[in-house]
Protein chains: 2
Amino acid sequence: MNHPVFSEFDLTSLLSLSFSALIDELHDRLSELGFGDIRPAHGFMFKHIIPNGATGIELAEHLGITKQAVSKMVDFLEKSGYVIRQTHPNDKRGKIIVLTERGWLVMKAKEEIIAEIEQRWIDNIGAERMQMLKEDLTKLVYEVNEGNLSSRSKPVW
Amino acid sequence: MNHPVFSEFDLTSLLSLSFSALIDELHDRLSELGFGDIRPAHGFMFKHIIPNGATGIELAEHLGITKQAVSKMVDFLEKSGYVIRQTHPNDKRGKIIVLTERGWLVMKAKEEIIAEIEQRWIDNIGAERMQMLKEDLTKLVYEVNEGNLSSRSKPVW
DNA sequence: ACCATATAGTCAACTTGATTGACCACATTA
DNA sequence: TAATGTGGTCAATCAAGTTGACTATATGGT
């Protein structure tokens with residue numbers, strides 16, 4: 001199939017479409033591996049639980065949602081066996097959320113799948129261009145946020 | 001401020017962050033212009049209403065949601081004065097959803113804001129790199145979807 | 001040491017944007 | 001023209017978030 005190279009999409013659509021294409025494939029593959037109950041936001045949470053656990057409030061800030069919403073997500077993930085709540089060593093009010101073995105398995109699977117997709121893209125556009133792509137996107141992320149990154153991001157994985 | 005150029009983020013995060021940075025700024029600016037009731041999904045709907053209107057089912061397919069959900073969105077947008085439902089000329093069951101004057105104003109504002117942001121990025125990374133970025137993202141969108149584009153995309157604007 | 005205030009987490013009620021199912025009016029085709 | 005298909009809406013429900021109220025524990029000023 002011969003596709004047009006010059007964009008019929010504007011930048012917004014391109015970013016949106018490439019992102020959701022990536023995420024959709026990732027979650028399809030995770031489903032096949034038996035992780036069908038994992039949603040994109042869970043992955044982003046896991047990322048901040050690594051490597052030594054995190055409190056609910058820390059996760060809430062990272063995810064940009066309320067601590068109550070985090071509490072519910074953790075309820076679900078704990079029931080499904082991906083994380084557990086441990087009592088905080090220094091603060092009896094607090095709890096630390098850590099990954100279980102199953103949680104680590106998802107993270108590992110995710111890494112492998114993303115690496116594989118990324119490799120396909122490298123085969124397609126070349127390693128140099130992929131490097132440029134990443135550099136440029138990194139710059140853009142910093143530029144648009146004008147320095148105060150992660151303040152309002154609603155990220156995934 | 002001197003930022004690292006080589007990515008501390010993986011591709012998923014980069015795409016997610018750059019996309020949401022873009023969308024956040026866009027909607028902040030639209031809010032300032034008095035379009036605070038417009039959500040990202042509305043913009044994507046508008047895009048497919050242009051230029052000659054669309055039926056609810058067409059929009060549902062484009063947005064990847066049910067026709068009932070579209071119907072609700074249209075209810076809202078009609079009440080807010082962005083679109084109207086016209087009776088379909090050939091099919092008395094159907095309706096065509098078209099933009100009102102106010103609807104066109106939002107689209108125009110959106111174009112200008114995106115163009116301005118894009119220009120900032122061009123100033124930052126250069127026009128050539130921007131062109132490459134778009135080309136590469138376009139390829140990636142096609143590659144990941146393996147030809148059947150827009151079948152499952154959950155896009156915005 | 002004590003009290004006032006702040007903080008981590010949970011419970012409950014509500015909101016929002018989607019879903020599924022049922023239905024009506026009109027179209028299409030055999 | 002009867003049988004089936006299609007566009008749209010209504011209603012009930014679901015999922016994932018919100019706000020508000022509360023408990024238990026920490027912390028800091030006097």
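The chains referred to below are lettered A, B, ... by the order of the sequence lines, with proteins before strands, and numbering in each begins at 1.
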- Just by modelled atom types, is the Lys67(B) backbone N or O under 3.5 Å from a matching donor or acceptor in the Ser71(B) side chain? no
Please enumerate all protein N or O atoms sitting under 3.5 Å from an N or O of nucleotides 21-23 of chain C, with distances to 0.1 Å.
{"unit_1": "dG21(C)", "atom_1": "O6", "unit_2": "Gln68(B)", "atom_2": "NE2", "d": "2.7"}

- Query: What integer distance in Å separates Arg39(B):CZ from dT15(C):P?
  - Reply: 17 Å
- Query: Within the structure, does a side-chain N or O atom of Arg85(B) lie under 4.0 Å from either OP1 or OP2 of dT9(D)?
  - Reply: yes
- So which of residues 88-99 of chain B are in contact with DNA chain D, with a heavy-atom cut-off of under 4.0 Å? Arg93(B), Gly94(B), Lys95(B)
- Message: What is the distance, to the nearest angstrom, from the CD1 atom on Ile65(B) to the P atom on dG8(D)?
- Response: 13 Å
- Query: Is any side-chain heavy atom of Glu61(B) less than 4.5 Å from a side-chain heavy atom of Ile57(B)?
  - Reply: yes
- Query: Touch check for Thr66(A), heavy atoms < 4.0 angstrom, all strands: base, sugar-phosphate only, or nothing?
  - Reply: base
- Task: Kindly say if Ser71(B) contacts the phosphate of dT9(D), meaning a side-chain N or O under 4.0 Å from OP1 or OP2.
- Result: yes
- Message: Without decimals, in angstroms, what is the distance between Lys79(A) NZ and dA16(D) C1'?
- Response: 14 Å
- Item | Along DNA chain D (nearest heavy atom to each residue), the more 5'-positioned of Asp75(B) and Met73(A) | Asp75(B)
- Task: Specify the separation, in whole Å, of atom CZ of Phe76(A) and atom P of dG17(D).
- Result: 11 Å
- Using atom CD1 of Ile57(B) as one end and atom P of dT9(D) as the other, report the distance to the nearest whole Å. 10 Å
- Message: Is the shortest side-chain heavy-atom distance between Val106(B) and His42(B) below 4.5 Å?
- Response: no
- Value in whole Å for how far the C1' atom of dG17(C) lies from CG of Asp37(B): 16 Å
- Task: Give the C-alpha distance, both sets of side-chain angles, the deciding distance and a yes or no for side chain to side chain donor-acceptor pair (under 3.5 Å) between Asp28(A) and Ser31(A).
- Result: CA-CA 5 Å; Asp28(A) 282 353; Ser31(A) 251; 6.0 Å; no
Name each donor-acceptor pair under 3.5 Å that joins a side chain in residues 78-85 of chain B to protein atoms two or more places apart or in another chain, with its distance.
{"unit_1": "Glu78(B)", "atom_1": "OE1", "unit_2": "Arg85(B)", "atom_2": "NE", "d": "3.1"}
{"unit_1": "Glu78(B)", "atom_1": "OE2", "unit_2": "Arg85(B)", "atom_2": "N", "d": "3.0"}
{"unit_1": "Ser80(B)", "atom_1": "OG", "unit_2": "Phe76(B)", "atom_2": "O", "d": "2.7"}
{"unit_1": "Tyr82(B)", "atom_1": "OH", "unit_2": "Asp37(B)", "atom_2": "OD1", "d": "2.5"}
{"unit_1": "Tyr82(B)", "atom_1": "OH", "unit_2": "Arg102(B)", "atom_2": "NH2", "d": "3.1"}
{"unit_1": "Arg85(B)", "atom_1": "NH2", "unit_2": "Asp75(B)", "atom_2": "OD1", "d": "2.1"}

- Compare the minimum distances between each of dG17(C), dG17(D), dG9(C) and the side chain of Lys72(A), then state the nucleotide with the smallest one. dG17(D)
- Item | Carboxylate-amine/guanidinium proximity below 4.0 Å for Lys139(A) and Glu135(A) | no
- Once you round it to whole Å, what is the distance between C1' of dT7(C) and CD of Glu61(A)? 12 Å
- Query: Just how far is it from atom OG of Ser20(B) to atom CG of Leu15(B), taken to the nearest 0.5 Å?
  - Reply: 10.5 Å
